[in-house]
Trainee: 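Sharing a structure, written as structure tokens. Questions coming.
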Amino acid sequence: MSAPEIVLTGLRKRYGATLALDGMSFTVRPGVVTGFVGPNGAGKSTTMRVVLGLDAVDEGTALVGGKPYRSLRCPLNHVGALLDAAALHPSRTGRNHLLWLAYSQGLAARRVDQVIEQVGLTSAARRKAGGYSLGMRQRLGIAAALLGDPPIVMLDEPFNGMDPDGIIWMRGFLRSLAAQGRAVLVSSHLMSEVQDTADHLVVVGRGKAIADAGVNDLIAATSSGRVALRTTAGPHAMAVLAHAGATVVATGSDTITVSGLPADRIVTLLNRSVVPFSEVSAHRATLEDVYLELTRDAVEFRAATPTEVTR
Amino acid sequence: MRPALHAEWTKLRTVAGPGWLMLGMIAATVALSAAAASVVTCAADGCGGDPTKLSLVGVVLGQAPAAVLGVLVISGEYGSGMIHTTLTAVPHRVTAFAAKAITLTGVVAAAATIAVLGSLLAGRLILSHHGFTAAPGRPALSLTLRATTGSILYLTLIGLLSLGIAAVVRNSATSIGVILGLLYLLPLLAQAIGDPHWQRRLEQFAPMSAGLTVQATTDLGSLPLSPWAGLGVTAGWAAAALVAGGLLIRTRDA
Amino acid sequence: MTAVTTAHPAGRRTTRDGFRQVLHAEWTKFRTVLGWVAGMGVATLLVVLVALLAGVSSDQKGSPPVPIGPGGEAVTDTCYFVHQPLAGDGSVTVAVSALDSSIPQGLGDLRPGVVPWAKAGLIVKESTRQGSPYAAIMITGGHGVRMQDNYVNDRAGLRGPVSAASVRWLRLDRSGDTITGYAGTDGTNWAEVGTARLSGLGSSVQVGLFVASPQVVDGMGTTGSVSTAAFGDLRLHGGWTGGEWTGELLGDHSPSFAGFPGNGSGSFTQSGGRFTVTGAGDIAPAVRETLPTGGTLNDILTTGTFAALIAVIVVGALFITTEYRKNLIHVTLAASPRRGRVLLAKAIVLGAVAFVAGLVGAVLAVPLGARLARANGVFIFPVTPWTEMRVALGTGALLATASILALCIGAIVRDSAAAVTSVIGAVVLPYLLIANPFMPASVANWLTRVTPVAAFAVQQTLVQYPQVASHYTPYQGYYPLVPWVGLAVLAGYAVAGLAVAAVVLHRRDA
């Protein structure tokens with residue numbers, strides 16, 4: 001088998017009048033956690049279903065380890081996936097759910113007990129899955145994804161329904177999977193969930209990847225870094241900085257917010273023009289800012305602004 | 001294929017529903033057969049009926065649980081979304097569907113054997129009290145054997161027909177409505193039709209009235225179809241439903 | 001405004017409007033799911049299509065016309081009639097000393113037997129036309145002396161059979177439109193049995209002796225019979241002065257007459273005042289077995305209704321189990337926490353839609369199906385407009401009640417497959433059993449009393465007559481319960497289901 005990667009090229013899919021995927025292309029590499037983020041309806045779940053061969057695309061290819069998913073023998077040994085944790089038969093026990101999955105791949109029952117222990121579900125494994133909490137179902141789903149010890153793991157919204165302890169556990173768990181050299185793709189519609197977990201980000205909107213970069217590169221590249229400046233010579237400072245191409249807004253009697261220029265450049269400019277100032281504080285852009293800026297045009301279901309509502 | 005079969009069998013045995021349905025099939029078949037055998041009355045000049053067919057009349061009722069199991073094996077997974085897990089584990093869809101069909105065949109055939117043999121035994125015991133022991137009432141062994149194996153095959157085919165329909169319809173309640181309507185309504189429709197020619201056509205076409213001709217051991221000339229040909233019609237229905245279901249599972253998004 | 005309403009004006013309004021809101025919400029839920037609306041449309045379509053199929057597929061072109069009685073009902077008007085025309089008022093008396101019947105055993109071998117409704121006596125008939133008005137006094141094979149008129153009316157007189165040792169004297173008086181029947185044991189003392197008014201009876205009528213011998217119930221079927229009666233002392237009184245007697249078999253080619261058993265024929269012999277008359281057939285209302293080729297609204301509607309039933313049961317079960325499946329029930333119960341009212345609102349919405357589906361289906365199916373069947377020569381048992389309306393409304397009510405039952409079972413078991421299977425099973429199994437012609441009448445009648453199929457009684461249009469021996473079974477179109485009581489049995493199940501579902505919804509966590 002070639003490198004354990006997911007390679008998506010130009011995926012296009014239409015459901016009736018909606019274009020769900022519109023040229024989705026990116027690669028998920030081994031050894032890193034790739035965050036897959038975008039607003040609801042942007043095409044995250046559809047992409048994952050296409051990767052797993054559940055939905056057929058109109059155009060493009062989705063390869064896992066160099067092959068289409070539907071050509072894999074014992075696919076759970078290549079890709080482990082969690083799509084919908086609630087997709088269980090309510091009266092089958094968690095262990096038995098894993099058991100039939102294991103048998104479908106020719107795996108032994110021993111492996112089932114290993115993954116149950118790995119996700120910390122031992123005490124509940126012999127209870128009916130219908131009685132599980134959402135968090136327990138997520139753990140069961142992750143156990144199912146790990147059954148075949150796959151080099152590629154793909155999880156759709158794994159943080160949903162998890163308590164804070166569970167979220168911390170999940171983050172460490174995902175990082176450890178990547179550290180073992182696996183390719184890990186984790187989708188979320190909440191930026192804060194992947195901020196501390198992902199090394200690489202794919203941001204999607206309207207059915208295509210609108211950003212595909214390392215987390216740090218993305219933050220650095222954003223234009224929304226702002227600098228707060230405290231000065232008694234407000235008008236003079238604004239003129240100097242505006243001349244240098246920055247966007248300047250007076251936010252108080254002696255405070256100004258500058259955007260479009262990095263902090264060190266602002267200090268140099270002010271010193272050269274002899275403008276007095278008492279404080280310069282750079283406000284580092286968060287992933288949230290990056291995300292909002294990137295997806296601003298891509299949000300399909302944007303809430304109406306209050307003015308629009310009253311009109 | 002073997003891992004897929006092992007998985008499907010594990011699915012069936014790890015929930016209570018299929019077991020209860022098969023028990024229900026056995027109970028319904030034997031109970032209705034026994035009840036029918038005990039209410040039948042013989043006139044002074046002989047019984048004139050078909051004792052083997054009478055002892056197997058419970059199949060008419062027992063086919064309902066078999067149909068429900070056939071439906072639930074697949075539509076239950078569409079309802080919960082577990083079909084995604086199944087097709088992720090076995091992405092070759094025809095294999096996944098065939099594994100379901102084969103497992104279902106084994107389970108229904110095993111339960112149907114118990115149901116049919118139990119009905120025959122109950123019918124024999126009850127009818128012998130009604131004077132059926134006389135020689136003219138006893139059909140040839142080969143005919144009884146045909147009725148027995150035919151009834152077991154019939155129940156199995158109904159399970160497969162239901163599986164195929166459910167794979168097309170995907171919703172369990174609607175599938176059950178469609179299959180029970182197909183089984184029970186068409187024979188009633190034949191009664192509502194006045195023209196004997198059309199009546200016979202419909203009886204040759206309907207999966208239940210055609211298939212159950214295999215139970216006849218006397219008066220074969222009055223049947224709409226010869227026994228094995230009748231079962232062949234039911235098999236044709238099952239095959240058509242399975243092919244349609246298999247094609248749709250292959251081409252449709254899961 | 002009363003004190004109570006001023007005390008809690010806001011609360012009261014909220015309560016009342018609250019239910020309307022729940023109802024509105026459930027209606028919106030229902031009409032916005034295409035599959036459910038389509039399911040109800042399918043129900044209507046099935047009722048209509050099956051009726052059309054039943055109508056188109058029948059073929060009885062060229063069959064002779066069915067006699068219709070003065071009351072508009074189908075009748076059988078066959079007997080051996082020894083008669084002469086008489087004008088004005090008068091009286092006729094006769095002594096009957098024997099009534100012997102024969103029934104075929106095996107192939108055409110006639111043996112003496114008991115035919116309880118074999119008839120021999122005097123009759124005043126408007127004419128020999130089939131279905132014409134009449135009044136008659138007679139001795140019967142097993143029911144003593146009877147006075148019958150215009151096919152449907154029947155009154156009992158002297159009990160006991162007739163023989164040479166116990167001769168029965170019969171007398172009919174005509175005075176205008178009024179015919180009075182008397183019976184006695186000696187020819188001098190007369191006891192009035194009954195009086196009939198035959199409106200529009202002309203001055204000249206046919207008067208004489210008749211012998212009829214109807215089919216008898218034999219095991220699962222019926223068999224024809226033939227009877228011979230011995231009459232003596234036939235006398236005309238009052239304004240009537242007699243001429244020659246002529247004998248003929250009335251209604252020889254009527255579709256409601258199955259013919260003489262054993263290639264026999266009717267006859268009469270006269271010697272002095274003594275007559276021996278042999279006849280078959282019956283003068284009575286037609287029932288299913290005497291007119292097997294006749295169709296009913298029941299035939300046109302029931303199979304289609306049964307099909308529609310499956311559709312509304314599926315929709316009814318899905319209407320609630322889908323909410324459990326998708327946990328929408330949490331949203332529903334959060335929006336209206338009073339669970340019993342949610343169930344009631346669902347039942348009202350579902351029932352109303354199913355009622356309309358059934359009503360529309362029946363209103364379209366009955367005239368279309370009946371017209372097609374008539375065009376193919378099928379005789380449809382006549383019904384009054386009221387009956388037709390009852391059948392249409394009843395069909396709607398039947399579908400509504402069944403769908404509500406499915407809803408309740410769905411609320412109790414919370415699984416669509418289980419709910420659909422159990423409700424269809426509860427309706428299908430007894431229906432299949434009663435639709436089997438070999439089912440013993442006792443079992444079939446019991447099933448149509450206690451199981452949900454009792455509700456199909458609402459579609460029956462045939463009437464049972466105690467003076468006609470026949471198999472009155474559901475298979476023949478005769479239900480043991482009167483229409484609305486039959487429907488009430490199903491409604492009982494639905495109400496019980498509602499009560500259990502309400503309790504269960506209340507007690508259980510959603």
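Order of the sequence lines fixes the chain letters, A, B, ..., with proteins taken first and strands second; residue numbering starts at 1 for each chain.
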Trainee: If you count the non-hydrogen atoms of other residues, nucleotides and ligands that lie under 6.0 Å from CH2 in W228(B), is the total more than 12?
Mentor: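 More than 12 heavy atoms, drawn from other residues, nucleotides or ligands, come within 6.0 Å of this atom.
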Trainee: When rounded to the nearest 0.5 angstrom, what distance separates NE2 in H89(A) from CG in L72(B)?
Mentor: 7.5 Å
Trainee: For L76(A) and T88(B): C-alpha separation, side-chain torsions, deciding distance, then whether side-chain contact (heavy atoms from CB on, under 4.5 Å) applies.
Mentor: CA-CA 8 Å; L76(A) 299 194; T88(B) 310; 4.3 Å; yes
Trainee: I need the minimum non-hydrogen distance between L54(A) and R93(B), along with the two atoms involved.
Mentor: O-NH2, 2.8 Å
Trainee: Determine whether the side chains of R49(A) and H84(B) contain a donor N or O and an acceptor N or O closer than 3.5 Å.
Mentor: yes
Trainee: Charged N to carboxylate O below 4.0 Å: is that the case for K13(A) and D253(B)?
Mentor: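 Counted as a salt bridge, because a side-chain N and a carboxylate O are separated by less than 4.0 Å.
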Trainee: Residues of residues 104-135 of chain A under 4.5 Å from chain B (heavy atom pairs)?
Mentor: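 Within residues 104-135 of chain A, the residues that come under 4.5 Å of chain B (heavy atoms only) are S104(A), Q105(A), G106(A).
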Trainee: Quick check: do M82(B) and H97(A) have side-chain heavy atoms less than 4.5 Å from each other?
Mentor: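 A side-chain contact exists here, since the closest heavy-atom pair is under 4.5 Å.
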Trainee: Using a cut-off of 6.0 Å, state whether more than 12 heavy atoms not belonging to R250(B) lie near its atom CZ.
Mentor: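 No.
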Trainee: Give a yes or no on this: more than 12 heavy atoms of other residues, nucleotides or ligands lie within 6.0 Å of atom CH2 of W169(A).
Mentor: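 Yes, the 6.0 Å shell around CH2 holds more than 12 heavy atoms from other groups.
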Trainee: Can you find a pair of side-chain heavy atoms, one from R73(A) and one from H92(B), that are under 4.5 Å apart?
Mentor: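 With C-beta onward as the side chain, the pair stays apart.
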Trainee: Can you confirm whether T86(B) sits close enough to W100(A) that some side-chain heavy atom of one is under 4.5 Å from a side-chain heavy atom of the other?
Mentor: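 The answer is yes, as the side chains (C-beta and beyond) meet within the 4.5 Å cut-off.
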Trainee: Taking atom NZ as the centre, does K208(A) end up with more than 12 heavy-atom neighbours from other residues, nucleotides or ligands that are less than 6.0 angstrom away?
Mentor: no
Trainee: What distance separates R92(A) CZ from T10(B) OG1, expressed to the nearest 0.5 Å?
Mentor: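 That separation rounds to 9.0 Å.
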Trainee: Between atom CG of L99(A) and atom CZ of R13(B), what is the distance when rounded to the nearest 0.5 Å?
Mentor: 6.0 Å
Trainee: Show the nearest heavy-atom pair for residues T85(B) and A87(A), with the distance to one decimal.
Mentor: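 Taking every non-hydrogen atom into account, OG1-O, 4.2 Å.
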Trainee: Is it the side chain or the backbone of A56(A) that comes within 4.5 Å of chain B heavy atoms, both, or neither?
Mentor: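 A56(A) touches chain B through backbone and side-chain heavy atoms alike.
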